[in-house]
Amino acid sequence: GVINLLVGAFSSLAQKKLRDLLASLSVTQIGLMLIGVGAQTSNAMIGALYQSLVFGVSAAAFSLLIASIQERYQSEIFSASEGDSTPALSGLLQRSPQLGLFAAIVVCSWVGVPGMAGFVGNALVMVGSTGSYPFVVGAMAFAIILLTYCLLGMYRKAFFGRMKSIASEATLGLQNA
């Protein structure tokens, strides 16, 4: 579980596409659930079960977000390199505030912001695992911090910043739609 958690967290740092980021997030969430099951305490098991429910809903919501962005802007790249031919997404909040709000809710839930669904599962797995594997709780906290950094960085790059002209948007007549 710890290996899944850390590999997913570190691989999410290198992702430039939304779908690839979703895959890395999924590996991390599976690691979190495996740690909860492996701790074999009631809190950790309930946390793992709850986390699996939250993971299913969050992954579906993130997939819906990716499909909406892909359909509307013909791109899923949120961090482009110098040699990329497809421009990176930027300024989506100005173009579509509703999509930005939906993305903010999905990101906050996935990260585990208090008051959102992901917080309960993360907290239960951490509390339940503390007695069995105290060193694992440190790795979980580190992985969650990395995921928070990656998801908030993705949100900042794709939804804030200067609005760039996306050629396909002008072609499809989706200006301010």
In Å and rounded to the nearest 0.5 Å, what is the CD1 to NZ distance from I77 to K16? 9.5 Å
If you take all heavy atoms of S58 and V106, which pair is closest and at what distance? O-CG1, 4.3 Å
Quick one: are L25 and L21 in side-chain contact, heavy atoms under 4.5 Å? yes
Side chain to side chain contact (heavy atoms under 4.5 Å, CB included) filter on M116, not counting sequence neighbours, yields I105, C108, S109, V113
How far apart are the C-alpha atoms of L22 and S63, what are their side-chain angles, what is the distance that settles it, and do they pass the side-chain contact (heavy atoms from CB on, under 4.5 Å) test? CA-CA 8 Å; L22 176 61; S63 296; 3.4 Å; yes
Note: S68 and L99 closest approach over all heavy atoms is CB-CD1, 3.9 Å
List, by chain and then residue number, the residues other than V57 in its hydrophobic cluster (Ile/Leu/Val/Met/Phe/Trp/Tyr, side-chain heavy atoms under 4.5 Å); write none if there are no others. none
Which residues pass the side chain to side chain contact (heavy atoms under 4.5 Å, CB included) test with F55, not counting sequence neighbours? S26, Q29, I30, M33, A59, W110
With clusters built from Ile, Leu, Val, Met, Phe, Trp and Tyr whose side-chain heavy atoms come within less than 4.5 Å, directly or transitively, what are the remaining members of the cluster of I3, listed by chain and number? V7
Identify, with sequence neighbours excluded, every residue that meets ring-ring contact (aromatic ring centres under 6.0 Å, His included) alongside F10. F142
Would a 4.5 Å heavy-atom cut-off, applied to side chains only, mark L89 and I69 as touching? yes
Could you check whether any side-chain N or O of S96 sits under 3.5 Å from a backbone N or O of L92, counting only pairs where one atom can act as donor and the other as acceptor? no
List, one per line, each side-chain donor-acceptor pair under 3.5 Å for residues 144-155, sequence neighbours excluded.
unit_1, atom_1, unit_2, atom_2, d
T148, OG1, I144, O, 2.7
Y155, OH, G100, O, 2.8

Could you tell me which residues satisfy side chain to side chain contact (heavy atoms under 4.5 Å, CB included) with Q70, sequence neighbours excluded, listed by chain and number? R19, E76
Contacts of V2 meeting side chain to side chain contact (heavy atoms under 4.5 Å, CB included) (sequence neighbours excluded), chain-then-number -> L6, I35, V136, A139
Go through the structure and list residues passing salt bridge (charged side-chain N to carboxylate O under 4.0 Å, His left out) with R156, not counting sequence neighbours. none
Which pair of heavy atoms, one from V54 and one from A117, lies closest together, and at what distance? CG2-O, 3.6 Å
G112 versus N122, closest heavy-atom pair with distance: CA-ND2, 3.9 Å
With the 4.5 Å side-chain cut-off for hydrophobic clustering, are I66 and V111 part of the same group? yes
Measuring only between side-chain heavy atoms, which start at C-beta, is Y73 closer than 4.5 Å to R95? yes
Side-chain donor-acceptor pairs of residues 124-135 under 3.5 Å, sequence neighbours excluded:
unit_1, atom_1, unit_2, atom_2, d
S129, OG, V125, O, 2.7
T130, OG1, M126, O, 2.7
S132, OG, A39, O, 3.1

Give the minimum heavy-atom separation between F102 and A61, together with the two atoms involved. CE2-O, 3.6 Å
